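Here's the structure, in structure tokens; my notes come after.
Any value given below was found using the heavy atoms of this structure, including those in side chains, with hydrogens, waters and symmetry copies removed. So you know, we letter chains A, B, ... as the sequences are listed, proteins then strands, and number each from 1. Here the structure is a predicted model, which is why all the values come from computation and not from measurement.
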Protein chains: 2
Amino acid sequence: MASIKEVAVAAGVSVSTVSRALNGYTDVREDTRKKIMDIAQELGYRPSQSARNLSSKRKENVAILISGLGSNSPVDEFTGNVLKGLNSYIQGKNMIIAMYGISSEMQANQKLSEFCREYSLSGVILAGLKLGDPYIEEIKHTDIPCVGIDIKLEGKMGASVLTNDIEAFREITNYTIEKGFSQLVLVKGKNEASVTHERYSGFKKALKDNGISDNSVDVLDCRFDENLAYKKVKAYIEKHKKNKGRAFVCMSDLMAVAAAKAIEDLGYSVNVDFIVTGFDGIQLLNYIRPRIATIDQNIVKKGYEGMRLLMRIIKGEDKPRTIYVKHKLIEGE
Amino acid sequence: MASIKEVAVAAGVSVSTVSRALNGYTDVREDTRKKIMDIAQELGYRPSQSARNLSSKRKENVAILISGLGSNSPVDEFTGNVLKGLNSYIQGKNMIIAMYGISSEMQANQKLSEFCREYSLSGVILAGLKLGDPYIEEIKHTDIPCVGIDIKLEGKMGASVLTNDIEAFREITNYTIEKGFSQLVLVKGKNEASVTHERYSGFKKALKDNGISDNSVDVLDCRFDENLAYKKVKAYIEKHKKNKGRAFVCMSDLMAVAAAKAIEDLGYSVNVDFIVTGFDGIQLLNYIRPRIATIDQNIVKKGYEGMRLLMRIIKGEDKPRTIYVKHKLIEGE
DNA sequence: CTGAAAGCGCTTACAG
DNA sequence: CTGAAAGCGCTTACAG
């Protein structure tokens, strides 16, 4: 419960001196500082962040704003992994990061800049944003540093941490073909998601790499919906048997798992009669047999890099820019 | 960027009046209030929380402190589900909750009361705490409302949201027996976890319910470790074949999944040759075939109820107490 | 190297 | 019903 004043009195110095000592200013005599430190420690003194925020200009408060916690969205590992990544960055750095849930509704009611002012934030990480969310547009013209995880942010203060979806999807498609399955079926995500377009573009590059013509490939539009993927893949196989597409290249792991299930439910063997590949690298795949090949996006690393970039931007050590976190191909069996 | 002063000037009233109008005090003339509201809206005014925290006594700032985000812990769904629950409570309530990651190390460095003072918190939800964490002890003597999710908090300000582990485990054990498998093998969690003891006690009640003697039951100490569970269950079956324990009653879903895998790897059929049951209700089970019976703990609900209880305690509408969130038996196939 | 003083943006008795 | 003023706990020029 100690305030700076109590520390000052106990140390027999002024409040200003305590403040300077505690904040690591150099113009404090060493023994004065020592005494102040000791007393602060003893009293369990902690500066009130509210008071500090109110009086100080140069502050380094950051927060992560998480969208999509709303109750209709399925809980996935994304949030936990991002948090874990942020956390690993601040470990031992004597800093703390606040997290706030932001719904699309809330974004409509309160501008990001107002939010940051209200909570004294000097920079934010944004996770879970969807194309069309109000903040995406606002960030183009804001002057507070923003780092988007898995979402491209524009404007002079907009930075991003992304997977190179084009390269990654090209890679896994090539992997599929190398495994001897060149009659491809693309199990596609929803068009509203930017990643769908990027992965699609990577897919086409892989076709070109292998001299496969676009129109020899079937596309199942499954909108990242596992039930839809199950149905469409099942129907596809029932119709063509093993005579047409034999490789289901999926834009997400969950769709891949559904596709694999469809294959098995029809009495075929995954990775033998038909190959399936995913994208994301979710935990679930570790429990599915046979193992489905995928691209691990390394979300934890994204959290870490996002945090690191944000701090560097705030301190002026770096400029807002786009970082690509290296993905990893995980082979199937 | 507007401050209360600018609103006051624009409205032609004093700062005090603006403050009272915005905070819903009744002693403001209706048209004055209306004008102030309009102008505040127009200017995009938001009160600085820092200033408010500093000047006001009766504040209702709450936060969730999450332990176990440390990088060595596996990411699971727990955190995301709790957050989702909290979030569903505050939906539309015009409030926001801050989240902070707290490691055991940090707990050792900074007392909870100091933390709350530093961040102007009037109440906290604690999630992911382990037996032996420093804050558990401190809470016994603190005077700030604390709600523990899945951890029993003591002291006059300690509240808890729990599963009735004893009843739940008794229930699933009884379910197993009803399914015709009475030669039980308990796949046990680690002794350092309080839930292990409670589930064990529920297990024994079920034995008594069915007149089964304790020493006819084998216990595999697997410490909530899936690899250990896999090994021990496999060794057990290799040794006894189908001649002894036939029902692996597991204290967690992950151990149950491992047990099921061991069974299948030995060429047996899950839920036919041997039955397996879990505990938790994790998403993964929806993807494992055949479906393993389990107890769904409803973590989302726990988050919701925890938040609700905390707010009620802060407002004086309720006393710190223990809430049990109803679990649900999910049958296997 | 140190202290007195102003000020950050609010809330809240108090007076009228 | 409204306003002037004190105060919350800090930081930061400024003076010495």
remark   = Side-chain atoms of R29(A) come closest, of dG3(C), dT11(D), dC1(C), to dC1(C)

To the nearest Å, give me how far apart [atom1] ([X]) and [atom2] ([N]) are.
| X | N | atom1 | atom2 | answer |
| --- | --- | --- | --- | --- |
| K34(A) | dC1(C) | NZ | P | 17 Å |
| I4(A) | dA4(C) | CD1 | P | 14 Å |
| E6(B) | dC10(C) | CD | P | 9 Å |

[X]: which residues meet the side-chain contact (heavy atoms from CB on, under 4.5 Å) condition with it, sequence neighbours left out?
| X | value |
| --- | --- |
| V62(A) | M95(A), I97(A), M307(A), L310(A), M311(A), I314(A) |
| T32(A) | V13(A), T17(A), V28(A), R29(A), I36(A) |
| A193(B) | K190(B), V195(B), T196(B), F224(B) |
| Q41(A) | none |

Donor-acceptor contacts under 3.5 Å from residues 154-162 of chain B side chains, at least two apart:
residue : atom : partner : partner atom : Å
S160(B) : OG   : I151(B) : O            : 3.4
S160(B) : OG   : L153(B) : N            : 2.8

inquiry  = Quick check on dC10(C): is either OP1 or OP2 less than 4.0 Å from any side-chain nitrogen or oxygen of R117(A)?
reply    = yes

ask   = Quick one, which residues of residues 45-54 of chain A touch DNA chain C with a heavy atom under 4.0 Å?
value = L54(A)

request  = For the pair N87(B) (side chain) and L83(B) (backbone), establish whether a donor and an acceptor sit closer than 3.5 Å, ignoring hydrogens and angles.
outcome  = no

request  = Scan for salt bridge (Lys or Arg N to Asp or Glu O under 4.0 Å) pairs involving residues 131-142 of chain A, sequence neighbours excluded, and state none if there are none.
outcome  = E137(A)-K140(A)

Anything under 3.5 Å between a protein N or O and an N or O of nucleotides 12-14 of chain C, put it in a table, one pair a line.
residue : atom : partner : partner atom : Å
dT12(C) : OP1  : S56(B)  : OG           : 3.2
dT12(C) : OP2  : Y25(B)  : OH           : 2.8

Pairing residues for Y135(A) by the ring-ring contact (aromatic ring centres under 6.0 Å, His included) criterion, not counting sequence neighbours = none

task = Can you sort out the partners of Y119(A) under ring-ring contact (aromatic ring centres under 6.0 Å, His included), two or more places apart, ordered by chain and number?
result = Y100(A), F115(A)

Stem segments of DNA chain D by first residue number [Watson-Crick or G-U, under 3.5 Å, at least 3] = C:1-3 with D:14-16, C:5-12 with D:5-12, C:14-16 with D:1-3

Partners passing salt bridge (charged side-chain N to carboxylate O under 4.0 Å, His left out) against D318(B) (at least two apart in sequence or in another chain) = R312(B), R321(B)

